[in-house]
K.L.:
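Can you keep this structure in mind? I'll have questions shortly.
FYI, side chains are in, hydrogens and waters are out, and symmetry mates aren't considered; it's all heavy atoms of this structure. Please read these numbers as outputs of a predicted model, since none were measured by experiment. Atoms within a ligand are numbered from 1 in the order they appear, just like the ligands themselves.
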Amino acid sequence: MSPGTGAFTVAIDGPAAAGKGTIARAVAMRFSLAHLDTGLLYRAVGRRALDGVDPVDAARTLTPSDLRHPELRLDTVGAEASRVAALPEVRAALLEFQRRFARREGGAVLDGRDIGTVICPGAEVKLFVTATDAVRARRRWKELHEAGQDVTEAHVLADLRARDARDSARALAPLRPAEDALHLDTSRMSIEEAVAAATDAVAAARG
Ligand code: DC
């Protein structure tokens, strides 16, 4: 396949705040691929659930403007996203959209928890991005702090661990690496190093 044509999917999975989003955006830019942050879908459902909407109804009726809501990055919304993400009907309602996005003409990068295992098991590149709990908590705390949210690092660490435990323990599409995923531990890497490692893997598969 010549670069830039046909379907070409990069699946990036891993726990919260491991660096998936940064890597996914950089890879998408570098290879001119469309990018979908699938966590945003669950966050949008979680946010509507916090407003009292039934999460399954919310997932079935998501609109583009739901995905642009300014509160999606709040940690309360992230925690609720993880709860609604355990509901099979919610996952089912979001499945087709993600699959179509993954196989779109011109190629796509999707980041999430189950992209390489469930959404796109045939993805040309699968990365499983991790970092230690302490490193992830520090990164997420900095992000939240810079966004003006008043939280302690200990609180962020506890929240990340609870979310990862829930995301890994659920029966359907739990957080786990695909068997053929390339593991990338970003604990001791700079952003540039992590992006370079991911870019090399994609370049090798793209040929
Ligand atoms: O990546 P994130 O922190 O924005 O994701 C929020 C939650 O959404 C996460 O805790 C679990 C859920 N999620 C999921 O179950 N499957 C995905 N593909 C992406 C996110």
Side-chain angles (χ1 to χ4, degrees), residues 9-25 27-28 35-50 55-56 58-59 62 66-103 108-121 123 126-131 133 135-144 147 149 151 155-178 181 184 186:
T9 311
V10 181
I12 305 183
D13 293 305
K20 300 185 301 288
T22 305
I23 292 172
R25 280 189 298 276
V27 165
H35 171 226
L36 179 64
D37 169 0
T38 64
L40 274 188
L41 303 173
Y42 294 92
R43 284 173 180 266
V45 174
R47 195 203 58 79
R48 291 193 65 200
L50 289 173
V56 178
L62 269 194
D66 289 325
L67 300 178
R68 289 192 294 267
H69 196 282
E71 287 174 4
L72 294 186
R73 292 286 166 204
L74 293 181
D75 57 346
T76 46
V77 174
E80 189 61 17
S82 166
R83 282 186 209 105
V84 299
L87 301 172
E89 296 93 334
V90 166
R91 304 199 75 83
L94 301 176
L95 185 80
E96 244 344 277
F97 171 73
Q98 295 176 83
R99 283 212 173 129
R100 255 186 284 117
F101 193 98
R103 299 314 283 171
V109 183
L110 286 81
D111 66 282
R113 304 292 187 288
D114 64 339
I115 309 304
T117 50
V118 174
I119 302 298
C120 203
K126 296 180 190 174
L127 300 176
F128 195 77
V129 182
T130 57
D133 292 1
V135 166
R136 293 186 298 117
R138 169 132 284 246
R139 288 179 186 159
R140 179 53 55 89
W141 174 80
K142 268 187 80 183
E143 257 174 43
L144 293 171
Q149 288 192 58
V151 283
H155 176 88
V156 174
L157 178 62
D159 182 61
L160 280 183
R161 283 184 170 149
R163 203 134 78 77
D164 291 343
R166 202 182 302 117
D167 293 344
S168 304
R170 69 179 175 232
L172 189 65
L175 167 65
R176 64 174 175 79
L184 199 60
T186 66

K.L.:
If the condition is side chain to side chain donor-acceptor pair (under 3.5 Å), which residues does R170 pass it with, not counting sequence neighbours?
P.N.:
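Residues passing side chain to side chain donor-acceptor pair (under 3.5 Å) with R170: none at all.
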K.L.:
Need the ligand 1 atom indices (1-based, order shown) with element for anything under 4.0 Å from a heavy-atom of R91.
P.N.:
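Once the distances to R91 are compared, the set is 14 (C), 15 (O), 16 (N).
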K.L.:
Examine distances only and state if a side-chain atom of T186 and a backbone atom of G19 form a donor-acceptor pair shorter than 3.5 Å.
P.N.:
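No; judged by distance alone, with no hydrogens or angles, the pair does not exist.
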K.L.:
Please list, in number order, the atoms of ligand 1 under 4.0 Å from a heavy atom of R43.
P.N.:
2 (P), 3 (O), 4 (O), 6 (C)
K.L.:
Does K126 use its side chain to pair, donor to acceptor, with the backbone of P121 at less than 3.5 Å?
P.N.:
yes
K.L.:
Check contact between R166 and ligand 1, using heavy atoms of the residue and a distance below 4.0 angstrom.
P.N.:
no
K.L.:
Is there a polar contact, in the sense of an N or O pair closer than 3.5 Å, between Q98 and ligand 1?
P.N.:
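N/O-N/O distance under 3.5 Å: no.
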K.L.:
Starting from atom 17 (C) of ligand 1, locate the nearest protein heavy atom and write down its residue, its atom name and how far away it is, to 0.1 Å.
P.N.:
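Sorting protein heavy atoms by distance from atom 17 (C) of ligand 1 puts R113 N, 3.4 Å first.
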K.L.:
Provide the number and element of each atom of ligand 1 under 4.0 Å from a heavy atom of R163.
P.N.:
3 (O), 5 (O), 6 (C), 7 (C), 9 (C), 10 (O)
K.L.:
For atom 19 (C) of ligand 1, what is the closest protein heavy atom, and at what distance to 0.1 Å?
P.N.:
T38 OG1, 3.4 Å
K.L.:
Give a yes or no answer on whether the side chain of R113 reaches the backbone of P15 with a donor-acceptor pair at less than 3.5 Å.
P.N.:
no
K.L.:
Can you list the atoms of ligand 1 that are under 4.0 Å from a heavy atom of A81?
P.N.:
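By the 4.0 Å cutoff, the relevant atoms are 6 (C), 7 (C), 8 (O).
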K.L.:
Using a 3.5 Å cut-off on N or O atoms only, is D111 in polar contact with ligand 1?
P.N.:
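No, D111 has no N/O under 3.5 Å of an N/O on ligand 1.
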K.L.:
Below 3.5 Å, N or O to N or O, backbone or side chain included: is there any such pair between Y42 and ligand 1?
P.N.:
no
K.L.:
Say whether R140, considering both its backbone and side-chain N or O atoms, lies within less than 3.5 Å of an N or O atom on ligand 1.
P.N.:
no
K.L.:
Check this for me, if you would: do R91 and D114 make a salt bridge, where the nitrogen-to-carboxylate-oxygen distance has to be below 4.0 angstrom?
P.N.:
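Looking at R91 and D114, the cut-off is met.
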K.L.:
Using distance alone, with no hydrogens and no angle criterion, decide if S82 and R166 have a side-chain donor and acceptor under 3.5 Å apart.
P.N.:
yes
K.L.:
Could you pull out, from A173, A44, G39, the option with a heavy atom nearest to atom 20 (C) of ligand 1?
P.N.:
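That would be G39.
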K.L.:
Backbone N or O of I115 within a donor-acceptor pair of the D13 side chain at under 3.5 Å?
P.N.:
yes
K.L.:
Is there a donor-acceptor contact under 3.5 Å from the side chain of R47 to the main chain of H69?
P.N.:
no
K.L.:
Would you check the N or O atoms of D114, main chain and side chain alike, for any that come under 3.5 Å of an N or O of ligand 1?
P.N.:
yes
K.L.:
Would you kindly say whether T9 and R103 are connected by a side-chain donor-acceptor distance under 3.5 Å?
P.N.:
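A donor-acceptor contact under 3.5 Å links the two side chains.
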K.L.:
Which of the numbered atoms in ligand 1 are below 4.0 angstrom from a heavy atom of A85?
P.N.:
12 (C), 15 (O)
